[in-house]
Amino acid sequence: MAKILYLGNVLNGHGLNKTTIETLGKDLSLYYDIVLKSSKINQTLRLLDMLWAVLTSGKSIILIDTYSTKAFYFAFFSGMLCRITSKKYVIILHGGNLPKRFEAHPSKSFFLLSGAQAIVAPSPYLGNSVRDNFGLRASIIPNSIDIMGYRFLRREDYGVLKLLWVRAFDKIYNPLLALDIVSILIKKGYEARLCMIGPDKDGSMEEAREYCRTLNLDHVVEFTGQLPKDVWLEKSYDYNLFINTSKFDNMPVTLIEAMATGLPVVTTNVGGIPYFVENKKEVLFAQSGEAIEFVENIESILLSDSLRLKLVNNARSKAESFDTERVLKKWTRVLS
């Protein structure tokens with residue numbers, strides 16, 4: 001069995017959302033002898049753990065998650081060590097803001113990408129950025145879900161608008177916008193609720209709680225913090241609309257999961273999102289990212305049963321195209 005060393009942030013055990021390394025790593029373990037690094041919460045220790053794993057990896061294929069934030073340097077130094085030690089590595093691109101990273105640090109980015117045996121992007125959004133900035137080719141392999149684990153339910157009761165938001169509390173995901181949306185809905189006479197699920201990454205949760213109090217929404221907004229996936233998925237069936245408010249994004253798995261469960265989706269159309277879902281076919285786009293446009297889209301879903309039915313049926317079909325079994329076949333081709 002071929003050996004793989006997969007480098008990324010294995011931090012779900014510390015209360016943060018699972019990242020691709022933890023989901024894809026589990027799937028690849030069916031076919032490969034795989035080691036995941038690193039689960040160290042301290043960033044310096046995490047980098048050192050990754051570098052030591054590279055040095056001691058033998059003839060393993062090395063996969064490297066590459067993000068646009070400070071974690072970019074985990075990938076950069078790991079890739080540098082791979083090149084120094086003549087080890088083969090594959091870059092896996094993540095993060096809707098990576099094109100900005102490429103523009104801000106072109107030399108470092110080209111050094112990392114050009115030394116890879118392969119570059120994998122979850123959508124043409126990042127794949128095109130690699131091509132346009134560096135003339136390099138990326139294989140497109142989408143994020144995946146095990147579709148059999150998602151019960152499809154068409155929501156029919158909209159007497160109370162029950163909005164669901166699932167992301168980490170981080171400014172790039174714009175959690176305050178979700179509160180503005182529910183505030184406007186209530187002012188327009190709708191009975192509305194909002195559940196916000198996810199861990200705090202940069203202090204945005206406390207900011208959101210304070211803003212919630214300012215808007216007098218305490219009685220209609222629930223902050224759950226981090227929840228295990230099976231728990232929040234079961235909870236999602238009590239809600240009837242999903243909103244995604246990101247300022248930057250790539251291919252959010254939570255959006256695919258919402259589509260799989262039958263929740264109508266209203267989302268910003270930033271980053272990679274318009275590359276894998278289509279406006280008015282599977283979702284509705286709030287293209288300006290403003291609360292009033294979200295509300296207008298929500299009202300469109302409420303007023304038209306035919307639109308709502310079309311969106312949720314098409315969305316489920318699209319989610320099925322990202323099933324793990326299909327996606328793993330693409331991975332095995334790249335890794336061979």
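No hydrogens, no waters, no symmetry mates; every other heavy atom, side chains included, goes into these values.
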(request) Just jot down the side chain to side chain contact (heavy atoms under 4.5 Å, CB included) partners of S39, sequence neighbours excluded, or say none. (result) V10

(request) Go through the structure and list residues passing ring pair (Phe, Tyr, Trp, His ring centres under 6.0 Å) with F72, not counting sequence neighbours. (result) none

(request) Using ring pair (Phe, Tyr, Trp, His ring centres under 6.0 Å) as the criterion, list what pairs up with F248, not counting sequence neighbours. (result) none

(request) For K235, enumerate each residue passing the side chain to side chain contact (heavy atoms under 4.5 Å, CB included) test, keeping only those at least two apart in sequence or located in another chain. (result) C195, I197, E222, T224, L227, Y239

(request) Could I get the full list of side chain to side chain donor-acceptor pair (under 3.5 Å) partners for E299, not counting sequence neighbours? (result) K188, Y190

(request) Output all residues satisfying side chain to side chain contact (heavy atoms under 4.5 Å, CB included) with N314, sequence neighbours left out; order by chain, then residue number. (result) K281, E282, K310

(request) Give me the other members of the hydrophobic cluster that L153 sits in, counting Ile, Leu, Val, Met, Phe, Trp and Tyr linked by side-chain heavy atoms under 4.5 Å, directly or via other members. (result) Y237

(message) Using the ring pair (Phe, Tyr, Trp, His ring centres under 6.0 Å) criterion, which residues pair with F285? Sequence neighbours excluded.
(response) none

(request) Not counting sequence neighbours, which residues clear side chain to side chain donor-acceptor pair (under 3.5 Å) with N174? List them please. (result) none

(message) The criterion is side chain to side chain contact (heavy atoms under 4.5 Å, CB included); which residues satisfy it with P252, sequence neighbours excluded?
(response) R167, D249, T254, L255, I273, F276

(request) Identify, with sequence neighbours excluded, every residue that meets ring pair (Phe, Tyr, Trp, His ring centres under 6.0 Å) alongside F152. (result) none

(message) Quick test of your reading: applying salt bridge (Lys or Arg N to Asp or Glu O under 4.0 Å), list the pairs with at least one residue in residues 319-336, sequence neighbours left out, ordered by first then second residue.
(response) R316-E320

(request) Hey, can you tell me if F134 and F102 have their rings parallel, tilted or perpendicular (30° and 60° cut-offs)? (result) perpendicular

